[in-house]
Amino acid sequence: MIRDQSTLDALLDSVGRFVRERLVPAEEEVAETDSIPTAIVDEMRTLGLFGLTIPETYGGLELTMEEEARVMIELGKTSPAFRSVIGTTVGIGSQGILIDGTDEQKAQYLPRMASGEIVASFALTEPEAGSDAASLRTTAVRDGDHYVVNGTKRFITNAPQADVFTLMARTDPADKGASGVSAFIVDARSSGISLGRKDRKMGQRGAHTCDVIFENCRVPAANLIGLQEGRGFKTAMKVLEKGRIHIAAVCVGVARRILDDTLRYAMERRQFGQPIAQFQLVQAMLADSQTEVYAAECMVIDAARRRDDGLNVSTEASCAKLFASEMCGRVADRGVQVFGGAGYIADYGIERFYRDVRLFRLYEGTSQIQQLVIARNMIRAAG
Ligand SMILES: Cc1cc2nc3c(=O)[nH]c(=O)nc-3n(C[C@H](O)[C@H](O)[C@H](O)COP(=O)(O)OP(=O)(O)OC[C@H]3O[C@@H](n4cnc5c(N)ncnc54)[C@H](O)[C@@H]3O)c2cc1C
């Protein structure tokens, strides 16, 4: 759903310009230094990018899912590390509060997230609980008007920059499953929180993850999301369902960029006396990528519209994430092939994208987990 086409067009135009004029020229520097220049983060704040999904009442732009997807496709046309700067705050870090938080919790946190004053992260994964997130072991034990949290969270995006964590922890030790889990808003400066060293990743340099360790960290009971125990896993799944459409949109944007670079190279590079784009075997790779990017874009927009219409999009969000992330990997792989030897050499950028996009098939639910969700929904609907 598009609320106001001309406002959206203006936003897409400014994001597109920002990507072309500020982010693309900084890609190599970010990869070299493993950090995003402060000036760029400040410009993201000014553009309102931290508040894309937060309601206008709380100072955000209140984009619909379709609008958000279209903005992510634009923002995706550069190194994915840039999207990561705002990704957790507009997505998995804030949405739990927005979807299930109380009015007081929303009023306390969302305005500062929307302005980019505070960065939110999402802390679900643990060393022993990844795909099987419901088996998480971090505990939150009630003690007066606080909960005492102990445990370790792993691979938490933006943890080094985070001001606030949306934390999933077990409040009912007797319940080893999903219904023993609750969600909290935790101030990252609380005593009892320490960070592991930054993970050394395959790609997406400039975006950081690390362990977050809780040792007798006291969290006010008022920070239990929705003030209800046992709802945290459901909150996390609602957040991730929306996040899957968001990530799928980013995949479409990055794949589009990779394909643009690939096409340009194929038209410039000459072998056997002609541009390699004239060879039908190269054309087949270009055409397959074009077809798949288009298919993924259609899926993303359709899933987003259905969500905006209030429909259950568990299946469609997983289909879009599964297809778009796998598609993005294939487009990057064909890109390297079209670049030939240059595709393997870091100077050409395509090698960096090839590594960067590998992550999309892993986080916010691996491809196998998306397949399980889709098949489980199919079987449930049929039976
Ligand atoms: C860079 C990065 C950023 C991340 N950011 C965050 C974040 O901000 N917050 C957060 O909470 N987490 C984050 N994660 C964690 C991420 O979501 C998990 O890594 C992911 O869900 C997979 O869990 P795992 O790594 O434990 O793999 P595992 O669950 O151990 O899976 C290993 C393999 O087994 C397969 N597998 C597992 N179970 C099944 C099954 N039932 N059927 C078939 N195959 C199965 C998986 O698909 C995979 O191929 C991040 C991870 C990375 C790498």
Side-chain angles (χ1 to χ4, degrees), residues 1-27 39-80 82-87 89-91 94-95 98 110-111 113-116 242-261 263-264 290-311 313 316-317 320-321 324 327-328 331:
M1 180 205 307
I2 292 174
R3 289 196 309 166
D4 177 354
Q5 189 69 52
S6 61
T7 310
L8 178 66
D9 287 345
L11 178 63
L12 291 173
D13 190 54
S14 46
V15 172
R17 210 165 342 107
F18 179 58
V19 167
R20 286 188 303 277
E21 294 174 7
R22 295 289 289 129
L23 304 188
V24 173
E27 286 171 356
I40 285 184
V41 179
D42 288 342
E43 284 173 61
M44 289 177 166
R45 283 195 191 96
T46 310
L47 275 169
L49 296 184
F50 282 89
L52 292 175
T53 55
I54 292 173
E56 286 171 356
T57 348
Y58 301 113
L61 296 180
E62 200 171 343
L63 298 189
T64 64
M65 190 73 243
E66 181 181 350
E67 292 168 338
E68 179 185 343
R70 292 188 184 279
V71 172
M72 284 309 125
I73 291 173
E74 263 333 285
L75 191 60
K77 294 176 182 170
T78 181
S79 295
F82 291 117
R83 193 280 323 179
S84 214
V85 173
I86 59 147
T89 304
V90 302
S94 67
Q95 295 302 300
L98 185 57
L110 296 181
M113 290 182 186
S115 66
K242 182 168 193 282
R244 284 166 185 163
I245 302 177
H246 174 109
I247 293 292
V250 177
C251 291
V252 169
V254 188
R256 174 62 61 203
R257 161 66 187 283
I258 293 171
L259 185 52
D260 286 350
D261 288 359
L263 175 62
R264 196 173 320 113
Q290 174 72 1
T291 305
E292 290 199 75
V293 178
Y294 174 54
E297 182 166 359
C298 291
M299 287 175 81
V300 167
I301 298 302
D302 180 68
R305 284 181 179 157
R306 285 172 190 257
R307 189 177 187 282
D308 286 336
D309 286 344
L311 300 174
V313 291
E316 290 76 9
K321 204 266 181 180
M327 171 283 293
C328 197
V331 168

Less than 4.5 Å apart, any side-chain heavy atom of [X] and any of [Y]?
X: Leu11; Y: Glu67; answer: no
X: Val90; Y: Ile54; answer: no
X: Leu49; Y: Val15; answer: yes
X: Gln290; Y: Arg256; answer: yes
X: Glu316; Y: Arg305; answer: no
X: Tyr58; Y: Met113; answer: no
X: Leu12; Y: Val71; answer: yes
X: Glu27; Y: Leu23; answer: no

How far does [atom1] of [X] sit from [atom2] of [Y], to the nearest 0.5 angstrom?
X: Asp9; Y: Ile2; atom1: CG; atom2: CD1; value: 7.5 Å
X: Glu43; Y: Ser14; atom1: CD; atom2: OG; value: 12.0 Å
X: Glu292; Y: Leu259; atom1: CD; atom2: CG; value: 10.5 Å
X: Asp309; Y: Thr64; atom1: CG; atom2: OG1; value: 10.0 Å
X: Ser6; Y: Asp13; atom1: OG; atom2: CG; value: 12.0 Å
X: Leu110; Y: Thr89; atom1: CG; atom2: OG1; value: 11.0 Å

Taking all heavy atoms of [X] and all of [Y], pick out the closest pair and write down the distance.
X: Ala249; Y: Ile73; answer: O-CG1, 3.5 Å
X: Val24; Y: Lys77; answer: CG2-O, 4.1 Å
X: Ala69; Y: Ile301; answer: CB-CD1, 4.4 Å
X: Val19; Y: Pro25; answer: O-CD, 4.3 Å

Salt bridge check, [Y] against [X]: does any charged N sit closer than 4.0 Å to a carboxylate O?
X: Arg45; Y: Asp42; value: yes
X: Arg307; Y: Glu68; value: no
X: Arg264; Y: Asp261; value: yes

Could you tell me which residues satisfy side-chain hydrogen bond (donor to acceptor under 3.5 Å, both in side chains) with Arg70, sequence neighbours excluded, listed by chain and number?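 With sequence neighbours excluded, Arg70 shows a side-chain hydrogen bond (donor to acceptor under 3.5 Å, both in side chains) to Glu66, given in chain and number order.
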
Non-neighbouring partners of Thr53 that pass side-chain hydrogen bond (donor to acceptor under 3.5 Å, both in side chains), sequence neighbours left out: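 Result, side-chain hydrogen bond (donor to acceptor under 3.5 Å, both in side chains) vs Thr53: Gln95.
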
Would Phe50 and Val41 count as a side-chain contact (heavy atoms from CB on, under 4.5 Å) here? Give the steps. CA-CA 10 Å; Phe50 282 89; Val41 179; 4.2 Å; yes

Step by step, would you call His246 with Arg83 a side-chain contact (heavy atoms from CB on, under 4.5 Å)? CA-CA 11 Å; His246 174 109; Arg83 193 280 323 179; 3.0 Å; yes

